[in-house]
Amino acid sequence: MDESIRIDPWSSSQSTDYQRIIDQFGLSSLESLNIPSPSLLHRRNIVFAHRDLDVILRAKSKQNSFGVLTGLMPSGRMHLGHKMVIDQVKWFQDLGADVTIAVADLEAHATRGLSLQECRKNAMEEYISNYSAMGLNPEKTNIYFQSERPIVQRLGFTLGKKTNLSEIESIYGFNGETNLAHIQAPLVQVGDIVHPMLDEYGGIRPIVVPVGIDQDPHLRLTRGLTSKSNWFNLKVGKDGGLSISLSVQDENSKMLGVFSDGKIDRKSRDNLFQNLVEMLKKIGFSDFIKNPKHGTLGIPSATKLDYDDVKRVLLSLERSMGGLGLLQPSSTYHKFAVGMNGDKMSSSKPNSTIFLTDQVKDIQKKIKSAFSGGKSTVEEHKRYGGNPDIDVAYQYLMYFFEEDDEYLRELNEGYRSGKILAGKMKEICIEKAISWMKTHQELKQQNSHLVQEFLSY
Ligand code: TRP
């Protein structure tokens, strides 16, 4: 039996073995990081893993710019699961990130059959109007449509050269029957993720993509493609120091001093090293171990604390020579709240979640009939206690509606000990959910004039 976990953006099953996910996919746990002003999602370990989030946090602490990016599928209705991503985007915005949001209209058109016009209408009415209610700052948020930003397709095309069918198959579990829109869409998404680093969209800076764990394949693909496209590799040496090596590829060999017969063009190689050294001197290094012939340059006095700065120099040199100069995106991963019926949350199953346009009576009905972690009789419940880990009402308080950690802890303990009954937990959840929704709807009204300002042209 295959013991490995498959993670797949299109599957309906969900693994909740988060430690194994971290191990298998080489993610880092969030525990070792010092998260500034942690949101409830961080405090409750709902955002549980990352790749290179430290790069973002270092940029913040050095007051360098950084961005956050996400995308939306304009085909369904916005629900609590979508809200959770925007909460994180807002959190990054509050830390100082610029925000880019892709409306995946090309993807929705190709894979779900909506017209681009329907996509636009849906994006505005279902999603962007809620973003303004959730407090995203329109002046620091750029929302664009894939169909209107041809560069994202072009990047997907260009970077597509660095992968092949076998790799795509192994990342996504595709086979011969898979239609090609499922291959094009991830490549356009790669374009979405990296394009904010282009000069006309803000320039080289770290970009973080907060996603549900099922979206990690897209990030693995994007990170792989960006690093393969880099002209200079950078490594922390075994005994400290940083070492740079050239990554000679078809499209850059001439620029990196390789003749078409494969021999080294000493003059151009020396020139390149000269430029490299000049740029590194400007950021404070003076001691180098040069080996132009092998295409390596050591900086013995540098440490891993200098990694980000040196990387940036390498990317801008690459870019000035005609390369893309892309940094690998960072990412964070959140767990999923269970669907209200105990299954997966899904736009196509209205009872599995709460939509941001639900009425009070919908909310009441959904929470009342939600999956409960209580015992089947009151006596048993009082005696043995309930299980908050699988109780939808408790889980929704934890994920979405209850800010107060201390109160939440009381609810948890009260439920486990049997003091709080399942009906009571639902009642508390209904009350909090309704009050959240009321505020949300009010803000949505108040901020409706801002919706157009989120769009960038
Ligand atoms: N494919 C994503 C979805 O199904 C939407 C999306 C498009 C996206 N581009 C993106 C998500 C970039 C994150 C980053 O929801």
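Every number for a ligand or one of its atoms is a count from 1 in the order of the listing. One-based numbering along the sequence shown.
- Residue contacts with ligand 1: T70 is placed with no nitrogen or oxygen under 3.5 Å of a nitrogen or oxygen of the ligand (distance criterion only).
- Among protein heavy atoms, atom 11 (C) of ligand 1 sits closest to G71 N, 3.4 Å.
- Using cut-offs of 30° and 60° for the angle between ring planes, the Y201 and H195 rings count as perpendicular.
- Taking only nitrogen or oxygen atoms, main chain and side chain alike, H218 does not reach within less than 3.5 Å of ligand 1.
- Of all atoms in ligand 1, numbered sequentially from 1 with element shown, those under 4.0 Å from a heavy atom of A104 are 7 (C).
- In E107, the part holding a heavy atom less than 4.0 Å from any atom of ligand 1 is the side chain.
- Donor-acceptor pairing under 3.5 Å is lacking for the side chains of S352 and N341.
- Ring planes of Y127 and Y131: perpendicular class, angle over 60° (limits at 30 and 60°).
- Those atoms of ligand 1 that come under 4.0 Å of a heavy atom in L69, given as number and element, are 12 (C), 14 (C).
- Of all the heavy atoms in N230 and Q249, the pair that sits closest is O-NE2, 3.0 Å.
- The shortest contact between atom 6 (C) of ligand 1 and any protein heavy atom is with Q189 OE1, 3.5 Å.
- Between M73, H82, R112, it is M73 that holds the heavy atom closest to atom 3 (C) of ligand 1.
- Looking at atom 9 (N) of ligand 1, its nearest protein heavy atom turns out to be D192 OD2, 2.8 Å.
- Contacts of V188 with ligand 1, taken as heavy-atom pairs under 4.0 Å, are absent altogether.
- The shortest non-hydrogen separation linking F355 to S347 is CZ-O, 3.6 Å.
- Between H42 and W91, the ring planes lie tilted relative to each other; the angle falls in the 30° to 60° range.
- Residue L165 places its CG atom among 12 or fewer non-hydrogen atoms of other residues, nucleotides or ligands, all under 6.0 Å distant.
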